[in-house]
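Below is one structure, written out as structure tokens, with a few remarks after it.
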Amino acid sequence: MAHRIIGKPIGRVDGTEKVSGAARYSGDVSVPGLIWGKALRSPLPHARIARIDVTRAKALPGVLAVLTAKDLPGILVGRRMFDMPLLARERVRFIGEKVAVVAAADPDVAEEATTLIDVEYEDLPAVIDPEAATVAGAPVVHDDPGAYEGAPAERPHANVQSVLRFKLGDVQAGFREAARTFEHTFRTQLAHQGYLEPHAGVVAIDEDGRVQVWASNKMPFRLKELLSHALQLPQEKIRVNLTPIGGDFGGKGSLMDLPLAYHLARVTGRPVKMVMRYAEELMAGNPRHPSVITLRTGVSRDGQIVARSVRALFNSGAYAAFKPAPSVSLGGASMGAGVYRIPNLLIESFCVYTNNIPCGHARSPGEPQMVFAEESHMDMIARELALDPAEFRRRNLLRDGDHLANGHHLEHVRAGDTLEAALKASEYSEPKPGPWIGRGMAMTHRHIGVGFTNAVVRLGTDGRVTLRIALPDTGTGAHLVLRQVVAEVLGVAMDDVEIELATTDDFATDSGVGGSRVTHTGGRAAYHAAEKLKAQIEAEAAKLGVPADSLAAIARAAAREGRTLEASHFYDAKAHGAVTSFTAQVAEVAVDPQTGQVTVRRFTTTHDVGTVINPLGHQGQIEGGLIQGLGFALMEEIKTEEGRISTLSLGDVKLPTIQDIPPLTTVILEDPVGPGPFNAKAIGEGSISAVAPAIANAVADACGARILDLPITAEKVYFALKEKERRP
Amino acid sequence: MRAFEYAAPRTLDEALAVLREHGDEARVIAGGTALVTMMRQRLVSPGYLVSLRDIRGLDRIEADNGGIRIGALATHRDVETSPLVRERLPVLAETFRRVASVRIRNMATVGGALAHADPNQDPPVTLIALGARVEICGTDGRRALPVEEFFRDYYESALEPGEVVIGVVVPQLAPASGAAYVKFLPRTADDYATVAVAATVSVDPDGERCRAARIALGSVGVTPIRARGAEGLLAGQRFGAELLRGAGEAVKGAVDPLSDHRGSAAYKREMAGVMVGRALTRAWDAALVSARGTR
Amino acid sequence: MTFTQECVIAVERERLWDFLMEVPRVASCVPGVEGVEAIDAKSYRGNLRVQIGPIRLSLHGTMTVDEQDRAAWRARMRAEANDRRVGGGIRARMSLTLAPGEGGTRLRIETDLAILGRIGEFGQPVIKKKADALLEEFAQNLGSKLGQGG
Amino acid sequence: MNRKIRVTVNGTARAVEVPTYRTLLDCLRNDLGLTGSKEGCGVGVCGACTVLLDGKMISSCIALAVSADGHEVTTVEGLAGDERLHPVQQAFIDAGGFQCGICTPGQVVSAKALLDANPNPSDAEIREWMLGNLCRCTGYYKIIESIRAAAQRSRA
């Protein structure tokens, strides 16, 4: 079916506000009487707090309040597992943990006051390395993690937060069948999401005791629930106001400083703003988990995978609080199976407590780590088998009716088509243009997110349509997609549909933004609401005897009778496991043999997608995710030394710049079978995960150096080449 | 940031007087890119800030005895885009162009960057290779010293209390000479160098032997350094892979890098050897072009 | 971060040991240390002024001697000091061992140093370099002081 | 240690009393209510705080407000005319040159300065000029396209 608006590359609905500087992010919110909160953070990875003296801080002119744990209720917070205090109480567990908080009218004065707080610590033995954390006798980060609300039951060691397991067939029997078995271990680095808006929030308490919140948080309703718990207030006392979010990438779903801002507001009677410095983001945000992943694969004589076992260790840091999934784990672990049919599979993933920065969700949580390991492993096996890596993959790709690691049955599998399209577009089989140039591929797939969302569609007497939602704008272009859906259904122009942002007062619940869900859940909510409104309009038109496109006249007629033409829909998407989206990527790199420097000469990304609602936004998601993947592959790393982060600025943690991006070819295989509106799927997390292994495989192809730990720095390649010279 | 007094005198004498009056508590600010960043991090909290921005004439870039004199308040962008610099010493314009971003180059001044004495900066490397001198002024008068002697330790220069950098004088390259700056950036394009090398090479009239060379390196220790040992190996020698290898080895022995996010000390040492070879090759090629032009 | 310094001091082991165990006197060999006074038999307080580039630190803190094992010629101590102005500090654990060396006694100092708080934002490599230089100077001062017959 | 400064912001003369330690960015955002310029990295690396000082791009997060005394500042709020976006702003909308928008004020101010200095930049010139403006959402491809399109539009 041809669409009028769906599939058109329409510019951004929120564009004018954002390009003109008018958009008000939470850090821009100003309310009368506003003051600033600043936190004092622990300088030690693990210590007992012997004494805190705030006398000098309180005496500083301009300081309005100084709070420590003893001034606050002993509440523990979290997104799923509640193990984190508002301020450290008796004990600090990572460098950067908040110990006290100060309020002042001038942010610099508040900051100054934090340096006047005297804290006496007594060192405790710290455990930094995740492998060391799980051995007998290791220092314990939490005395009794099982007692925390939301804690998973299985706990093989006191420092294990969670265990996630995926099983197919009989893995031991599978390995007995195998002609050859391969085992490799990979490591990935600690990495920040890299959003350029540090966490910011404003809390104001109205005269009637209502708590008003503006926050860089993508799940307003969940935030309200979590705040209700953290502040011990009924939910109806809290209102979360939606603001645009300056980049999320998985990182903007927690309470962060909001409870502290509330308590400062409570004791001072003034609205409080707390904005993290970027150094604080890097020492105490909720970055991507570092990992240690071992894959073992058994292959038959004809190159079929018959068994695989995967063991993943994710270094979760001092608290589990930032992980939102019920498993308190990273779903990306399931990608240990790759895009392959593996009859006998066992994946075991452990999130481990250490005295490091607590980690959270980052775009495709767990996947860039696991896909790097898994797809590097695939190439290493292919090389050992003397098979072309493409051919080895071809023999093992998922097909219709196969099972994923999580047990889902797959339909509409286009893994093969996606791979072949990538090979063709990248000229994978063509002769290479010179020495020290290599090509590498990697594949992945990603589910379409689920959740529940509200939409209200209203026809105005001017014939214009308003879509009312409570989904914050994290920058993905979701609002534009929803506007397109409504315009398409109602047959109106894009400019005639506007978005009206609700607050948490306006709906009962909503799962918000995240997990590649909004086009699906929001899109379907908007679609069904618009369909209902359309039916109303048609009925009214028939009654009035006017054409159904005389929208203004129809709305005015209803208004004269005191009625508003409005329809709402609450869409609750259940897990849709049967359809996923495949990605195949090919990197062509050049390696400088004298320095080890890797240059990505060209990059091809191929995506099996559903109906593309907005090609411009769709492509933007692919490009943005891909360059994040490039940074993860080659540049970005938060470095730590004994739990101390030594890269505390964006001058040291290098995000890719405009000069670091490779020439890009994108291939879109459109196949309208998704569960989203107009059979859309999801794209936001499709392009990030395969980039690093594609580059690692290309580097190995170019120079024979196999890098097993990210990022692939020039130095690592250089010394790998030296090692090869020494032992060819 | 902590509170401080701020003065923006209009003359150098006035600035020097304020500096003397406030002694240790006072700091000089020009572009402020480094100082304000550290003040925001609260690593540095001066009680008195003396801005040089309103002093006239300190930002001039002018011809000087066949070379170029650059006023301390000239910004990096001024140097990069100066027609005089581009014509007479393109390597210097090219070096300044490699600093951070256009925006930072608009702010950062030549004098401020020298006084900051960060061994990871680009300009000092080329300035040393070109044989430039820093002009310093204090209440007791003026003095000048070679750039290579100006840097004393990590972020420490030869500036005495109460002194300010007022300019830098860069001599013209000798005839039949070439210069090159090589900045090794294995991570992102806006990074500090992992290793940086500047070299000048003069060729004999026959165009086969190296008459003289100067080599300087950045990001290889607590100060930018001049690699005199390697320079000595080159004088009078025939240019070729052998000679470059020798120079590279000599440089590797001369550097003392710090391990940091841009590479381990061992890697930087290796790269110093590689980059010296590259810089010399480019300088050599440029020298040959120059020699042909003079013949 | 850990460092190891070694030097040979031209005095016999016993004399060096006795010197080293008198903290205020040893402290005077550390460049920038001032105002050292005893709190009790094992601990001392004092100041360390040190400049790392543009950053001037005035670290105020304590040092505690945890172990003095003359039989093994080994002593362990730890130091904690903070700078209020910058907001940060250092923690060091040091182990001193004496062994016979050519022409005197070989002193080996192993240090495990942690940089706390904002000071760390300046860059650990630089600080490490500075600490390294400081300890080297300390060893030299020690040598010259004892060499002078101090 | 407050000081009274006079700054022409987006063409309007403003006088404001600030502590000497106030950054230009905080002065614009908190004292003058111009929150278009953003603080990202806070160390001059990301470019979200880019404003023009006497027509030249600077990082307002590491500039002191007192140093702008007597000068002209242009922020993102000053680019659009009455009711009409600057061609650079329009191009960023049409070509998808932003997503979350937090870096966008800095991007468009930088892009405007580029086109003022060089109305017909090559891709290499765009990349060199825009190097100091980080964007985490777009991967930059569409930022380059936006600036190309703005240049084209300005020429037309």
Side-chain angles (χ1 to χ4, degrees), chain A residues 9 11-12 14-25 27-30 34 106-108 193-198 244-249 275 277-279 473-477 616-617 619-628 630-631 649-651 655-661 664 687, chain D residues 19 21-22 26 29-30 33-48 75-80 85-86 88-109 126-128 130-144:
Chain A
R12 295 291 298 270
D14 47 7
T16 308
E17 295 230 302
K18 285 183 178 174
V19 299
S20 66
R24 293 262 162 167
Y25 297 78
D28 303 332
V29 169
S30 183
L34 187 78
D106 180 319
D108 290 82
Q193 290 85 353
Y195 42 73
L196 292 180
E197 177 206 38
I245 292 168
D248 159 35
F249 318 123
V275 181
R277 293 186 303 139
Y278 217 94
D473 169 24
T474 57
T476 57
L616 192 67
Q619 185 65 21
Q621 286 296 300
I622 291 172
E623 290 169 358
L626 200 150
I627 297 307
Q628 288 184 8
L630 183 86
S649 97
L650 285 188
L655 306 180
T657 74
I658 197 165
Q659 288 185 17
D660 301 313
I661 60 174
L664 176 66
S687 62
Chain D
Y21 58 76
R22 184 79 84 230
D26 281 350
R29 287 175 54 83
N30 301 338
L34 294 169
T35 56
S37 310
K38 309 297 181 194
E39 175 159 333
C41 69
V43 292
V45 169
C46 79
T75 71
V76 65
E77 288 94 341
L79 296 197
L85 293 175
H86 187 277
V88 161
Q89 293 172 312
Q90 191 58 50
F92 268 71
I93 296 178
D94 297 341
F98 66 90
Q99 289 178 24
C100 83
I102 204 81
C103 73
T104 312
Q107 301 279 0
V108 297
V109 167
I126 293 174
R127 282 173 198 244
E128 176 166 354
M130 300 299 291
L131 174 64
N133 286 89
L134 298 181
C135 171
R136 191 57 166 173
C137 293
T138 63
Y140 304 103
Y141 294 97
K142 299 207 182 305
I143 290 177
I144 296 171

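Chain A is the first sequence line, chain B the second, and so forth, proteins listed ahead of strands; every chain is numbered from 1.
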Going by heavy atoms in the side chains, are P19(D) and D108(A) under 4.5 Å from each other?
no
Chain D contact via P656(A) - side chain, backbone, both or neither, heavy atoms under 4.5 Å:
both
Is the side chain of Q89(D) donor-acceptor paired with the backbone N or O of V19(A) at a distance under 3.5 Å, no angle test?
yes
If you count heavy-atom pairs under 4.5 Å between each of A48(D), G44(D), G42(D), C41(D) and chain A, which one has the most?
C41(D)
In terms of heavy-atom pairs under 4.5 Å, which option from I627(A), I661(A), L626(A) contacts chain D the most?
I661(A)
So, the part of Q90(D) with a heavy atom under 4.5 Å from chain A: the answer is neither
Contacting region of N30(D) [heavy-atom separation from chain A under 4.5 Å]:
side chain
Smallest heavy-atom separation, D106(A) atom then R22(D) atom, equals OD2-NH1, 3.7 Å
Gap between atom CD of Q621(A) and atom OG1 of T138(D) - 0.5 Å precision:
10.5 Å
How far apart are the closest heavy atoms of L650(A) and V45(D), and which atoms are they?
O-CG1, 3.8 Å
Among L34(A), L655(A), L616(A), which residue has the highest count of heavy-atom pairs closer than 4.5 Å to chain D?
L616(A)
Which atom names give the shortest non-hydrogen contact between Q619(A) and K142(D), and what distance separates them?
CG-NZ, 3.5 Å
So which atom in C103(D) and which in L196(A) form the shortest heavy-atom distance, rounded to 0.1 Å?
CB-CD1, 4.0 Å
What are the two closest heavy atoms between T657(A) and L131(D), and how far apart are they?
OG1-CD1, 3.3 Å
When the 4.5 angstrom heavy-atom criterion is applied to I245(A) and chain D, the contacting part is backbone
Could you list the residues that satisfy side chain to side chain contact (heavy atoms under 4.5 Å, CB included) with C137(D), not counting sequence neighbours?
F249(A), Q99(D), C100(D), C135(D)
With a 4.5 Å heavy-atom cut-off, do L85(D) and T16(A) have their side chains touching?
yes
Heavy-atom distances under 4.5 Å only: say whether V76(D) touches chain A with side chain, backbone, both or neither.
both
Testing the basics here: between R136(D) and Y195(A), what is the closest heavy-atom pair and its distance to 0.1 Å?
CG-N, 4.1 Å
With D28(A) via side chain to side chain contact (heavy atoms under 4.5 Å, CB included) - residues at least two apart
R24(A), Y25(A), R29(D), T35(D), K38(D)
